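So the structure is just underneath, and the comments pick up after that.
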Amino acid sequence: MVENKHKVSLKDISIFYGKLHVVKHVSVELPENEITAIIGPSGSGKSTLLRSLNRMNDHINGMRITGEAMIDNQNIYADGVDVVMLRRKVGMVFQRPNPFPKSIYENVAYGPKLQGLRSKAELDIIVENSLRQAALWDEVKDRLHVSGFDLSGGQQQRLCIARSLAVGPEVLLMDEPASALDPAATAKIEELMLLLKRTLTVVVVTHNMQQAARVSDHTAFLLGGELVEYDVTRKIFTTPQDKRTDDYISGKMG
Amino acid sequence: MRQSYTLPEMFLLGTLGLALLLPLAAVLYIFIRAAAGISLEFIFAMPVQRGITGGILPAIVGTLWLLFGTTLVVLPVGVGAGIYLAEFAPRNRLTHLLEMALINLAGVPSVVFGLFGYAFFVLTLGFGSSLLSASLTLAIMTLPLVVTATREALHGVPVSFREASLALGATRWQAVSTVALPCARSGVLTGTLLALSRAAGDTACILITGAAFFLPRLPTSFMSRFMALPYHLYISATQLPGMPVERIWALPGYCCS
Ligand SMILES: Nc1ncnc2c1ncn2[C@@H]1O[C@H](COP(=O)(O)OP(=O)(O)O)[C@@H](O)[C@H]1O
Ligand SMILES: [Mg+2]
């Protein structure tokens with residue numbers, strides 16, 4: 001297997017909330033067009049690490065980050081980096097589906113409109129393409145103008161994915177995207193992730209180890225803010241090198 | 001379903017009954033008493049004889065002007081300040097102090113603002129007794145209410161909407177203007193309307209900043225003196241011997257409708 005080139009590379013990343021040291025000296029490189037799963041017990045810093053990749057942590061009072069976070073060989077925390085541009089390139093899907101209280105169409109068109117796109121024809125194309133990419137088009141094409149809230153939970157989450165895709169990201173961060181969904185809806189999201197990695201680099205946080213094993217190419221195991229082990233997913237789940245990884249995946253921990 | 005209420009529950013239910021019935025009875029009572037004095041002429045004619053006969057048109061128009069002037073100031077300033085506090089102010093002690101101050105200012109008796117308005121707008125700035133002075137005074141009185149209502153309405157908008165917006169590449173202002181504010185709109189409007197209804201019913205503020213007790217013509221500019229409903233009622237009810245009683249009852253009928 002040929003290794004893909006690295007899309008994201010973290011060098012000695014530490015993240016603090018005030019005095020609390022939440023992510024500790026994490027160094028890791030994430031390959032392009034792959035799904036990387038971040039697993040670990042709750043409170044181990046998975047979300048914090050994920051949110052450092054699109055600088056969503058910037059909005060938290062007292063957050064401090066040290067080390068280097070490179071995307072396409074550019075340090076996203078360097079002076080003069082435009083956070084708005086960064087977030088167009090690095091999209092995010094949250095744990096609970098959070099469509100805006102707007103129509104399905106307006107939800108997907110929101111990002112492009114922020115960038116000043118006004119042409120109805122162009123927006124129509126982006127909305128359709130994004131919904132197709134998120135495997136939602138066939139279910140909603142006849143009711144694009146009903147509220148996003150009228151959809152089921154799983155559909156809402158795919159709407160949120162479509163909304164992210166409409167901005168044209170190269171990396172998609174997903175924070176436990178299926179934890180609020182039933183198994184059928186979860187399966188759909190997982191299928192979708194496998195489609196998305198053809199064009200995107202996906203980083204997914206999950207506390208569901210079967211999910212990590214099913215969809216991801218690489219897996220990172222975080223414990224107490226430390227990156228205990230990072231490897232090809234199959235190896236993590238069959239021949240983990242660290243005793244703590246073994247304990248965690250075999251259910252002897254949290 | 002429930003077999004019986006305990007004593008405290010019965011007491012609370014009783015208070016709810018009172019809380020509903022008493023205000024409702026007051027409003028109904030006024031409307032019924034007002035019916036006798038209300039006529040088209042009463043609404044659309046000029047007052048005659050210090051208001052003992054004729055209509056109350058100038059008082060209605062005066063109150064509308066006042067509300068218009070107050071809204072013009074309080075809506076942009078109050079909503080703007082509320083947005084700043086909720087969305088942009090650093091979360092520190094100073095901000096917290098400011099928010100507490102605003103909440104307490106909302107409880108200051110209106111006569112205090114009235115006296116300030118008289119000293120500052122009427123005398124110092126030389127606006128004289130006028131709609132301008134009175135509107136500005138009412139605006140100051142209602143600002144804390146509007147700021148606080150806006151702030152609370154924005155605090156009620158789920159963080160997840162803001163995060164979604166920011167994650168799509170919105171600036172903080174875009175996240176506020178395209179998501180948070182539209183979600184908070186009804187709360188902001190309700191708060192503003194409550195504040196304006198307080199302004200509409202206030203006598204103490206306008207008494208010394210521009211309201212006239214008998215002025216049988218309509219205001220022509222913001223520099224005019226004016227009649228207003230609550231002040232007219234106050235004068236009619238307390239200062240005018242020989243005022244027909246049904247005319248007095250008719251007045252609050254308008255104030256609350
Ligand atoms: N906004 C915040 N302010 C302060 N501490 C936080 C904040 N968010 C998370 N934490 C703390 O950081 C640690 C890691 O949290 P998080 O990254 O959410 O972990 P995970 O996603 O693995 O459950 C936890 O101890 C949590 O309490
Ligand atoms: Mg988390």
Side-chain angles (χ1 to χ4, degrees), chain A residues 18 47 50-51 53-62 82-102 106-117 126 130 148-149 156-157 159-169 171-175 180, chain B residues 79-102 147 149-193:
Chain A
S47 299
L50 190 77
R51 292 161 68 96
L53 298 180
N54 65 346
R55 294 186 56 170
M56 282 303 278
N57 292 334
D58 286 17
H59 302 282
I60 294 169
N61 245 346
D82 182 351
V83 181
V84 166
M85 296 306 288
L86 171 69
R87 290 183 187 149
R88 288 186 198 167
K89 183 165 161 177
V90 184
M92 181 158 216
V93 175
F94 298 82
Q95 187 165 355
R96 306 214 139 260
N98 58 353
F100 298 126
K102 298 172 186 280
E106 287 302 329
N107 263 284
V108 183
Y110 181 86
K113 279 188 172 179
L114 279 183
Q115 298 177 24
L117 189 63
I126 293 180
S130 308
F149 289 166
Q156 286 189 17
Q157 194 61 302
L159 175 61
C160 293
I161 293 173
R163 183 176 65 182
S164 294
L165 296 177
V167 186
V171 179
L172 191 62
L173 311 175
M174 307 176 96
D175 194 349
Chain B
V79 172
I83 293 175
Y84 180 79
L85 275 180
E87 303 285 344
F88 299 99
R91 296 268 119 238
N92 56 25
R93 288 178 57 106
L94 183 66
T95 307
H96 186 68
L97 219 69
L98 228 79
E99 290 172 346
M100 295 314 291
L102 278 166
V147 177
T150 303
R151 203 187 107 242
E152 310 248 296
L154 283 169
H155 275 317
V157 177
V159 179
S160 65
F161 290 169
R162 263 170 267 237
E163 287 197 317
S165 173
L166 292 170
L168 289 163
T171 60
R172 280 177 77 181
W173 168 244
Q174 283 176 323
V176 172
S177 62
T178 60
V179 177
L181 263 186
C183 291
R185 194 179 44 208
S186 77
V188 172
L189 283 183
T190 312
T192 308
L193 282 180

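As a basis for the values below, the full set of heavy atoms in this structure was taken, side chains included, without hydrogen atoms, waters or symmetry mates. Here is how names work: the chains are called A, B, and so on, in the same order as the sequence lines, proteins then strands, and each is numbered from 1. Since this is a predicted model, take the numbers as computed values, not measurements.
- The part of A:Pro99 that comes within reach of chain B is its backbone (N, CA, C, O), which places non-hydrogen atoms under 4.5 angstrom from that chain.
- Considering CD of A:Gln115 and CG of B:Leu168, their distance stands at 9.5 Å, rounded to 0.5 Å.
- Of the residues considered (A:Arg163, A:Met92, A:Met85, A:Arg88), A:Arg163 shows the highest number of contacts with chain B, using heavy-atom pairs under 4.5 Å.
- Scanning all heavy atoms of the two residues, the minimum distance from A:Val84 to B:Gly169 falls at CG1-O, 3.2 Å.
- A:Phe149 and B:Phe161 have parallel rings, their planes meeting at less than 30° on a 0 to 90° scale where 60° marks the start of perpendicular.
- Here the closest non-hydrogen pair linking B:Ser165 and A:Tyr110 is OG-OH, 2.7 Å.
- Separation of atoms OG1 (B:Thr171) and CG (A:Leu114) is listed at 7.5 Å; rounding is to 0.5 Å.
- Dense packing is recorded around CZ of B:Arg91, with more than 12 heavy atoms of other residues, nucleotides or ligands lying under 6.0 Å away.
- If you tally non-hydrogen atom pairs under 4.5 Å between each of A:Met56, A:Arg96, A:Lys102, A:Lys89 and chain B, the highest count goes to A:Met56.
- Of all the listed residues (B:Ala164, B:Pro182, B:Ser160), the one sharing the greatest number of non-hydrogen pairs under 4.5 Å with chain A is B:Ala164.
- Enclosure of atom NE2 in A:His59 by more than 12 non-hydrogen atoms of other residues, nucleotides or ligands within 6.0 angstrom is indicated.
- For B:Ala167 against A:Asn54, the heavy-atom pair with the smallest separation is CB-ND2, 4.3 Å.
- Counting only heavy atoms from C-beta outward, the side chains of B:Glu163 and A:Arg51 approach each other to under 4.5 Å.
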